[in-house]
Amino acid sequence: MSQVTEYSEKVMDHFSNPRNVGEIENPSGVGTVGNAKCGDIMRIYLDIDENQIVQDAKFKTFGCGAAVATSSMATELVKGKSVNEALKITNKAVMEALDGLPPVKVHCSLLAEEAIHAALWDYAEKNGITIEGLEPPVKDIEEKVEV
Amino acid sequence: MERIYLDNAATTKIDKEVFEVMKPYLLEEYANPSSAYMFAGKTHDKVEDARRVIADSIGAKSKEIFFTSGGSESDNWAIKGVADALSSKGKHIITTKIEHHAVLHTCEFLEKHGYEVTYLPVDENGLVNPSDFEAAIRQDTILASIMFANNEIGTIEPIAELGKIAHEHGVVFHTDAVQAFGHIKINVDEMNIDLLSASAHKLNGPKGVGLLYIRTGIRISSLIHGGSQERGQRAGTTNAAGIIGFGKAVEIANERLNETREYETKLRNRLVDRVTSEIPYVKYNGDPKRRLSNNANFSFRFIEGESLLILLDQKNICASSGSACTSGSLDPSHVLLAIGLPHEIAHGSIRFTLSHETTEEEIDYTVETLKKIVETLRNMSPLYEDFVKSIK
């Protein structure tokens, strides 16, 4: 059972006042990970300049409090980083920045890491470049939700 | 705004009158009612008074009411007790896919011990089809356990009809009436019920006390072995204060049964009408007519239940969710899946359960708050973003 009291103050802050919610028009890269069936979908948009520096990051997330908080924190962490530095943002780093997550919510931080990777992959593909150490994202989201 | 408590299916506030009748049996009259001395006499008599009030309320005899620690114990006892007592006759049990975990996990336990269990499906409103039930009965079926009213979506099952079918085939009929008892008029004879589980804290009584009604003649083994309390069927020192409080709670609930139902129905309908007309992409779950008067269950498309719950909590509104995130598993509520909701829609479900103390002002505040929260979360949702783009 997850309860509000199990979330750190930082998680609650990033959930209640999420940073960087939204979309980027014509993004350098966009990545969507997760699965509506399991209750978490994260989408991260990146704006990367010609020097391969992340100028801006935005997100949209369908999910629980921890999913929103990890997305918010991941976008905060990725801003201002080079592409190679962005690739090194791990789920552990996201968790630490949030002062930890309840055990049942650790998968949310993994999704945040994957979402950054998926956006970087999209960026690399669009620009015909290779980012060393970057694996193709796992496409497991349901492409379309029926009404 | 003060706290708005809309989770009365989880538990209710103890009634002041109930608390007052319990108090002397926690303070001055602390004797063990099983003791022989005069000091225990008054407590013993009060426990028996409560048993009579409760038995009368469902058309049972006093000696057919056995007090337990609550609904879960009663469900465990009914199912394991009958399964054990009738194992030489057969090892097949019938239940439904929408039972409380106290029933479902008990059945799963028995499956590990050589019993076979049929889990009946329900329709899109959560109703069991009596002909499905009849078709599932076999030569070796010993017990059927079908809930009176569902805790998540409030659907009231056709218990009298199902009980009749069970009896025509010589099957013992148990109903988990935890959500219905004290809220709906129940008569065990007219409704063909052999065993019935109930819990005091769902009707403004104390926590930690419940009952199992056992029709005279039904063969059942004990679950809790030990002393000779409860006619030797259920051991353990009598929870005198709890039982006396339970009796008072039943008395009060019966006095105001119709009044409460009408009041709650009016407010619940206001909640449902406003939510479904003022918030787009909402589904009202459960049967619109055959349902508990205090229950409303909604699925809000494109958003997830836990987020919604936390934001409601921040506005001082207590509700509950069918989302996976509140259960610690990846699957959303088994009840919502059983009525055919896709996973992603079940994840965005919220239950509100009212009480006789809920006010119109609270309902209106809840609707206004919900409208804002749903909008905030949808603006954050990639599913909503895709949906909006797809309809442009």
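In what follows, chains carry the letters A, B, and so on, assigned in the order in which the sequence lines appear, proteins first and then strands, with residues in each chain numbered from 1. Every value quoted in this text rests on a predicted model; they were computed, and no experiment measured them.
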Return the [atom1] to [atom2] distance between [X] and [Y], rounded to the nearest 0.5 Å.
{"X": "B:Glu385", "Y": "A:Thr32", "atom1": "CD", "atom2": "OG1", "answer": "8.0 Å"}
{"X": "B:Glu306", "Y": "A:Phe15", "atom1": "CD", "atom2": "CZ", "answer": "7.5 Å"}
{"X": "A:Thr61", "Y": "B:Leu383", "atom1": "OG1", "atom2": "CG", "answer": "10.0 Å"}

Segment of A:Pro103 engaging chain B (4.5 angstrom heavy-atom cut-off): neither
In terms of heavy-atom pairs under 4.5 Å with chain A, which of B:Pro342, B:Ser307, B:Ser381 leads? B:Ser307
More than 12 foreign heavy atoms under 6.0 Å from [atom1] of [X]: is that the case here?
{"X": "A:Lys92", "atom1": "NZ", "answer": "no"}
{"X": "B:Lys283", "atom1": "NZ", "answer": "yes"}
{"X": "B:Glu108", "atom1": "CD", "answer": "yes"}
{"X": "B:Lys371", "atom1": "NZ", "answer": "yes"}
{"X": "B:Lys315", "atom1": "NZ", "answer": "no"}
{"X": "A:Asp49", "atom1": "CG", "answer": "yes"}

State, to 0.1 Å, how close [X] and [Y] come at their nearest heavy-atom pair, and which atoms those are.
{"X": "A:Lys60", "Y": "B:Asn379", "value": "CE-O, 3.2 Å"}
{"X": "A:Ser16", "Y": "B:Gln314", "value": "OG-NE2, 2.8 Å"}
{"X": "A:Arg43", "Y": "B:Pro382", "value": "NH1-O, 3.7 Å"}

Side-chain touch B:Ile310/A:Met12, heavy atoms, less than 4.5 angstrom: yes
Counting only non-hydrogen atoms closer than 4.5 Å, does B:Lys389 touch chain A with its backbone (N, CA, C, O), its side chain (CB onward), both, or neither? side chain
Donor-acceptor under 3.5 Å (B:Glu304 side chain, A:Phe62 main chain): no
